[in-house]
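Contents: one structure, followed by commentary.
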Amino acid sequence: MQPYFYKCFHCQSEFSSSEIEDNFHYLCPECGKASKNMPLQGILLIQYDYQQIAKRYTREFFLKQPPGQFWKYPDLWPLRKHPEEDGRIFADIQNEELMSVALPPNKIHPFNWNGSSLMLMDDTNNPTFSYKDRASILVALKSRQLGINEIAAASTGNAGSSLAGICTRLGLTARLFLPESIPEAKLMQSLAYGAKIHLVKGDYDLAFDLCLEFSEKMGWYNRNTALNPLTIEGKKSAAYDIFIEAKGKIPDYIFVPVGDGVIIGGIFKGFRELQQLGVIESLPRLVAVQSSGSDALVRYMEKSEFTYRPANTLADSISAGAPRNLYHAASAVQESNGFALRVEDSEIVEAQRTLARQTGILAEPAAAAGFAGYLKASSEQIISKNKTAMLLITGSGLKDSDSLKRLHRIPQPMDENYWRQQLKEKISL
């Protein structure tokens, strides 16, 4: 039995794992195309023998697994297994290394909002404090198996700092192509992890294209989102973690912040696999939330055509004028019977403030966009109050300190005499 194979989302052609991986194909060899300021054509999705796997991976099996440790069900990941029965799971990877990149448990937090049941999926406490670790972990492990020690990525911040941190844990080198607008905290995080930084005078879309060119010429493994099939594959792990942590009670709706569209595409793939395995009967409805300044997916779903427009939003992690996974993301929304909506940056900022003060979770603006979308959908009665909803909190607010300065006035230091006078007069502080 072939453990897994690659299938083109667009032309439906199928390819063996060796044909794709031995030749370092990232897109479909038949129709793949990466054009400037355009969504990718011919993205590859990894497929498994679900009928055979379903005999071993039942609903009861998954409910006994710990969240955050995907190697507990190795047949659903595109990594070569260790050939010997010595306790190791994957070839060329020590089990201790797997534990070094394990995601923490207890991510789902219940929250009551005006009488409605909300669940928060909090990925801000991942190894590098963002959802992007899910993809970086799988890409880095695959790079190790391919014998490549340098991995390149274009990023607005989180994917880059994620790759940098995961590479450090596994003894690999990260090369990051970052737009000049990257938040300073994310840049410093990447530098602290020891990444090689290539700062681009231009936007994310230009950084993406340059990373493609350099990776091909230099022989680096490329982590570019959507281009590398393992980015979608890695991000599907959230679906399994949600099922496991929620004890099989998945929500009716999941609100997902969308930039390039890989998170929503990946989480859809994960739930679809659970359905193909007979573990769940129906899919949660996926809601794509975008800033009005970076709303290519919403516009595409309204008009069924893509027109490039430079992105302009304070939510840098979902800022993408040409979402590379646009077509697959749109399909994920449609097939799950979900919908897409846009919110204003002002709504995102207010949602960020409310999340912090009501839940104690400090989310960056992009991560708060899902909550802004939920508030909008609720106020417009697009979803009913008796339905359960989940928010994906995809990144920590500490990764974008500039956004916090927009929310809060920094107090000025006062001398000792001032404070003693306050105490003397019992002035309310």
Side-chain angles (χ1 to χ4, degrees), residues 4-17 19-47 78 135 139 152-156 159 177 202-217 220-236 258-269 272 286 288 290 294-311 318-336 340:
Y4 63 92
F5 62 95
Y6 289 79
K7 184 175 182 178
C8 176
F9 172 75
H10 289 90
C11 72
Q12 302 297 301
S13 296
E14 297 181 0
F15 307 92
S16 68
S17 57
E19 182 176 357
I20 297 300
E21 295 170 8
D22 293 350
N23 295 293
F24 292 97
H25 290 303
Y26 293 101
L27 299 175
C28 174
E30 300 291 337
C31 73
K33 186 183 300 183
S35 302
K36 184 177 178 60
N37 292 337
M38 288 292 294
L40 295 172
Q41 171 75 26
I43 67 162
L44 294 170
L45 300 175
I46 299 168
Q47 305 293 308
V139 168
S155 171
T156 58
F177 288 77
D203 61 9
Y204 166 69
D205 298 305
L206 176 59
F208 190 102
D209 294 335
L210 287 172
C211 185
L212 283 179
E213 295 179 36
F214 272 77
S215 297
E216 184 177 357
K217 296 289 185 183
W220 302 329
Y221 194 47
N222 193 307
R223 186 217 179 277
N224 275 11
T225 188
L227 177 85
N228 189 319
L230 274 75
T231 58
I232 297 174
E233 196 69 6
K235 291 178 182 179
K236 82 179 185 185
V258 173
D260 261 321
V262 175
I263 290 180
I264 200 166
I267 201 168
F268 171 78
K269 187 175 188 294
R272 175 67 86 195
L286 301 181
Q290 293 197 294
S294 181
D295 62 348
L297 175 65
V298 178
R299 288 185 282 113
Y300 176 76
M301 297 193 71
E302 289 172 344
K303 301 180 179 179
S304 298
E305 64 178 9
F306 170 75
T307 303
Y308 176 73
R309 183 185 299 169
I318 54 172
S319 179
R324 306 297 165 145
N325 199 41
L326 177 71
Y327 306 123
H328 180 231
S331 176
V333 173
Q334 292 164 341
E335 289 193 47
S336 69

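- Ring pair Phe177/Trp220 is tilted by interplanar angle, where 30° to 60° counts as tilted.
- For the pair Leu27/Gln41, no side-chain contact is recorded, criterion being any heavy-atom separation below 4.5 Å from C-beta on.
- Using a 4.0 Å cut-off between a side-chain N of Lys or Arg and a carboxylate O of Asp or Glu, Glu302 and Arg299 do not qualify as a salt bridge.
- Residues Met301 and Gln334 are in side-chain contact: their nearest non-hydrogen atoms beyond the backbone lie under 4.5 Å apart.
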Report the C-alpha distance between Gln47 and Glu14 in whole Å, list the side-chain angles of each, state the deciding distance to 0.1 Å, and finish with yes or no for side-chain contact (heavy atoms from CB on, under 4.5 Å). CA-CA 9 Å; Gln47 305 293 308; Glu14 297 181 0; over 6 Å; no
Kindly indicate, with the supporting measurements, whether the criterion side-chain contact (heavy atoms from CB on, under 4.5 Å) is fulfilled by Leu326 and Leu297. CA-CA 6 Å; Leu326 177 71; Leu297 175 65; 3.7 Å; yes
Do Cys211 and Asn222 pass the side-chain contact (heavy atoms from CB on, under 4.5 Å) test, and can you show the C-alpha distance, the side-chain angles, and the key distance before you say yes or no? CA-CA 8 Å; Cys211 185; Asn222 193 307; 3.9 Å; yes
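- Within a 6.0 Å radius of CZ in Phe214, no more than 12 heavy atoms belonging to other residues, nucleotides or ligands are found.
- Tyr327 and Phe9 have their aromatic ring centers separated by at least 6.0 angstrom.
- The existence of a salt bridge linking Asp295 and Lys303 is excluded, since no basic side-chain nitrogen approaches an acidic carboxylate oxygen closer than 4.0 Å.
- Between Gly265 and Ala332, the shortest heavy-atom distance links the atoms CA-CB, 4.3 Å.
- Neither side chain, Tyr6 nor Glu19, offers a donor N or O lying under 3.5 Å from an acceptor on the other.
- Put simply, OG on Ser155 and OH on Tyr204 are 7.0 Å apart, with the number rounded to the nearest 0.5 Å.
- Within 6.0 Å of CD in Glu216 there are 12 or fewer heavy atoms belonging to other residues, nucleotides or ligands.
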Could you go through Ser17 and Glu21, starting from their C-alpha distance and side-chain angles, then the distance that decides it, and tell me whether this counts as side-chain hydrogen bond (donor to acceptor under 3.5 Å, both in side chains)? CA-CA 6 Å; Ser17 57; Glu21 295 170 8; 5.0 Å; no
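- Residue Thr225 forms a side-chain contact (heavy atoms from CB on, under 4.5 Å) with just one option from Ile263, Asp260, Leu40, and that option is Asp260.
- Across all non-hydrogen atoms, the minimal contact from Ala322 to Met38 is CB-N, 3.7 Å.
- In this structure, Pro78 and Tyr4 approach most closely via the heavy-atom pair O-OH, 3.4 Å.
- For the residue pair Gln290 / Ser294, no side-chain donor-acceptor distance below 3.5 Å is found, with atom types taken as modelled.
- Annotation: side chain of Ile232 is in contact with side chain of Leu45 (closest heavy-atom distance under 4.5 Å).
- Side-chain contact between His10 and Cys28: absent, with no pair of heavy atoms (C-beta onward) separated by less than 4.5 Å.
- Note that OG of Ser336 and CZ of Phe268 are 6.5 Å apart. Values are rounded to the nearest 0.5 Å.
- Heavy atoms only, all atoms of each residue included: Phe306 and Pro323 are closest at CE1-CD, 4.1 Å.
- Tyr26 is not listed as a side-chain neighbour of Asn224, based on a closest heavy-atom distance of 4.5 Å or more.
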Please evaluate residues Leu230 and Tyr221 with respect to the criterion side-chain contact (heavy atoms from CB on, under 4.5 Å), reporting the C-alpha separation (whole Å), side-chain torsions for both, the decisive distance (0.1 Å), and the verdict. CA-CA 12 Å; Leu230 274 75; Tyr221 194 47; 4.2 Å; yes
Please evaluate residues Arg324 and Asp209 with respect to the criterion salt bridge (Lys or Arg N to Asp or Glu O under 4.0 Å), reporting the C-alpha separation (whole Å), side-chain torsions for both, the decisive distance (0.1 Å), and the verdict. CA-CA 11 Å; Arg324 306 297 165 145; Asp209 294 335; 3.6 Å; yes
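- Lys36 places a side-chain heavy atom less than 4.5 Å from the side chain of Leu206.
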